[in-house]
Protein chains: 2
Amino acid sequence: MAGRFSNGTTFPTETTLCQQYDVSRFTIREALKRLQAEGLIARKRGSGTVVQPAAARGGALHQPLSNVGEILQYARDSKVAYESKGRGPLPTEVAEQTGEDLAGDWTCFRGVRRHPDRRRAIAVTEAYFHERLDDAVETLDLSAGTLFSQIERSSGVRVGKVTQDIQAIAADADIARDLNLDEGDPVLRILRCYYDPTGTIFEISVSFHPGDRFAYSMHIDVEG
Amino acid sequence: MAGRFSNGTTFPTETTLCQQYDVSRFTIREALKRLQAEGLIARKRGSGTVVQPAAARGGALHQPLSNVGEILQYARDSKVAYESKGRGPLPTEVAEQTGEDLAGDWTCFRGVRRHPDRRRAIAVTEAYFHERLDDAVETLDLSAGTLFSQIERSSGVRVGKVTQDIQAIAADADIARDLNLDEGDPVLRILRCYYDPTGTIFEISVSFHPGDRFAYSMHIDVEG
DNA sequence: CAGTGGTCTAGACCACCGG
DNA sequence: CGGTGGTCTAGACCACTGC
């Protein structure tokens, strides 16, 4: 399925593709669904399938990698002195949001990040590491570098997938205190799950950012 | 499909549901795909289907966006009846955050988006088009298709870059009314700037999402 | 009207997971 | 090993679009 089609031109119909590749209509439709999800084609019943103009897509091809890069980059950017908050099962409010199998104990670290020049905090971050990383966790230097990169180096764990959930919530008492806000003030909450290549979560991080001082921004370049 | 299941419990298997509702496996799978896309269930080959605790948090809707294509897709997916809010310079709160040269007049449209299956609104969107697109803007059909795609077609403008800023803010009176919230409630604000290939912004959109009903989520796979 | 994509049936084989 | 979900076939009927 490597044919090149120009922008705005019509795309072959389902029946055409079925004959051309000698597969069933189901298979063709599954493939077209993916193209549609990526914004590469648009379909309309009765009309047909058309190739989306370049303007309609955002460099969808090399995007996944750059996105992961951005996320990890962001995680590495923090220069925070963490403190250990102990070890145990995952807090229910975190476990509920992920909805995965999160059995076992997790070691929790919590840190407040501040802007170098200013006093006010930019973020409160909590990081949870699964017990199978305990060996690496014990050697952590809480004041040097980022926890993730240390874990990555000393345990050899690799990232297979990252999920990220961004939500606006009201600050609770703890968050309000650390971020110098009032309870109930809007806060950006970013929950990240780091999966290894087998699909098992090995790290979870939750960051809270003050709404008035922080914006999560992404830049997407469109190729050709 | 109105059965109630608790969080974390196992969900009926596909074959069970097929017999129970006397439909084919295809139909069941299509239905389950929707539940999965909303983050309500998680499925694993060999294991089964489990209910996601996502339902526990007030029915917050997961908006899964796995790549940039989907982000743009989602931006123009809206089936919203927009209304024109007039023409003039950009509001200061919008202009300030972009930090670009935004001289000239902009035509503003505003619409409320609802999830197809649900009644409550999940977004208020404001779109601003630069005056150099005025010819295309005047031919806009506010109830048919999406504004962006219409502009794209009639003006021939191309996207060179998209930036996206995500922030948590407190709902003002207007937003609170449209989203069925109280003033001051946390709201997710997504500001997108669309640049042409020369680096000039030609469209800006601002979306407001209710914090309790909407989570911006991205899933990113790392390739080999 | 003929052709499109959307939905659905009734099968089939497979990779994976649990006991 | 049996059962799960993932993938696929070869049909079918429908709503919608364009001519």
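Below, chain A is the first sequence line, B the second, and so on; all start at residue 1. Side chains included, hydrogens not; waters and symmetry mates left out as well; all remaining heavy atoms used.
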_A:Y21 OH to D:dT9 C1', straight-line distance once rounded to whole Å_ = 19 Å

*asked:* Once side-chain hydrogen bond (donor to acceptor under 3.5 Å, both in side chains) is applied, do any residues pair with A:T15, and if so which ones, sequence neighbours excluded?
replied: A:T13

_Using whole Å, what does the distance between atom C1' of nucleotide C:dG5 and atom CD of B:E30 come to?_
14 Å

*Can you check the A:R43 CZ to C:dG3 C1' distance for me, whole Å?*
14 Å

*What residues, two or more places apart in sequence or in another chain, satisfy side chain to side chain contact (heavy atoms under 4.5 Å, CB included) together with A:E30?*
A:F26, A:K33, B:K33

*Report the distance from atom CZ of B:R29 to atom C1' of C:dT7, rounded to the nearest whole Å.*
15 Å

*Would you tell me if any nitrogen or oxygen in the side chain of B:T15 comes within less than 4.0 Å of OP1 or OP2 on D:dT4?*
yes

Show me the protein contacts with nucleotides 14-19 of chain D, counting only N or O atoms at under 3.5 Å.
residue, atom, partner, partner atom, Å
D:dT17, O3', A:S47, OG, 3.1

_Just the rounded figure in Å: distance from P of C:dG6 to NZ of B:K33._
13 Å

*Whole angstrom value for the distance that separates P of D:dG6 from CZ of A:R34*: 14 Å

*With B:E203, which residues qualify under side-chain hydrogen bond (donor to acceptor under 3.5 Å, both in side chains), at least two apart?*
none

Report each atom pair, protein N/O against N/O of nucleotides 10-12 of chain C, whose distance is under 3.5 angstrom.
residue, atom, partner, partner atom, Å
C:dA12, N6, B:R25, NH1, 2.8

_Does any part of the side chain of B:D134, heavy atoms only, come nearer than 4.5 Å to the side chain of B:E131, both counted from C-beta?_
yes

*Could you tell me which residues satisfy side-chain hydrogen bond (donor to acceptor under 3.5 Å, both in side chains) with B:D185, sequence neighbours excluded, listed by chain and number?*
none

_A:L35 and A:T49: CA distance, side-chain angles, deciding distance, side-chain contact (heavy atoms from CB on, under 4.5 Å) verdict_ = CA-CA 11 Å; A:L35 295 180; A:T49 300; over 6 Å; no

_For A:T125, side-chain hydrogen bond (donor to acceptor under 3.5 Å, both in side chains) partners two or more places apart_ = A:S207

*Give a yes/no on whether any side-chain N or O of B:T49 is located under 4.0 angstrom from OP1 or OP2 of D:dG5.*
yes

*Please list, chain by chain and in numerical order, all residues satisfying side chain to side chain contact (heavy atoms under 4.5 Å, CB included) with B:N180, sequence neighbours excluded.*
B:R213

*Integer-rounded Å distance: D:dT9 P and A:I28 CD1*: 9 Å

*Can you tell me how far P of C:dT4 sits from CD of A:Q19, to the nearest Å?*
10 Å

_salt bridge (Lys or Arg N to Asp or Glu O under 4.0 Å) partners of B:R189, counting only residues at least two apart_ = none

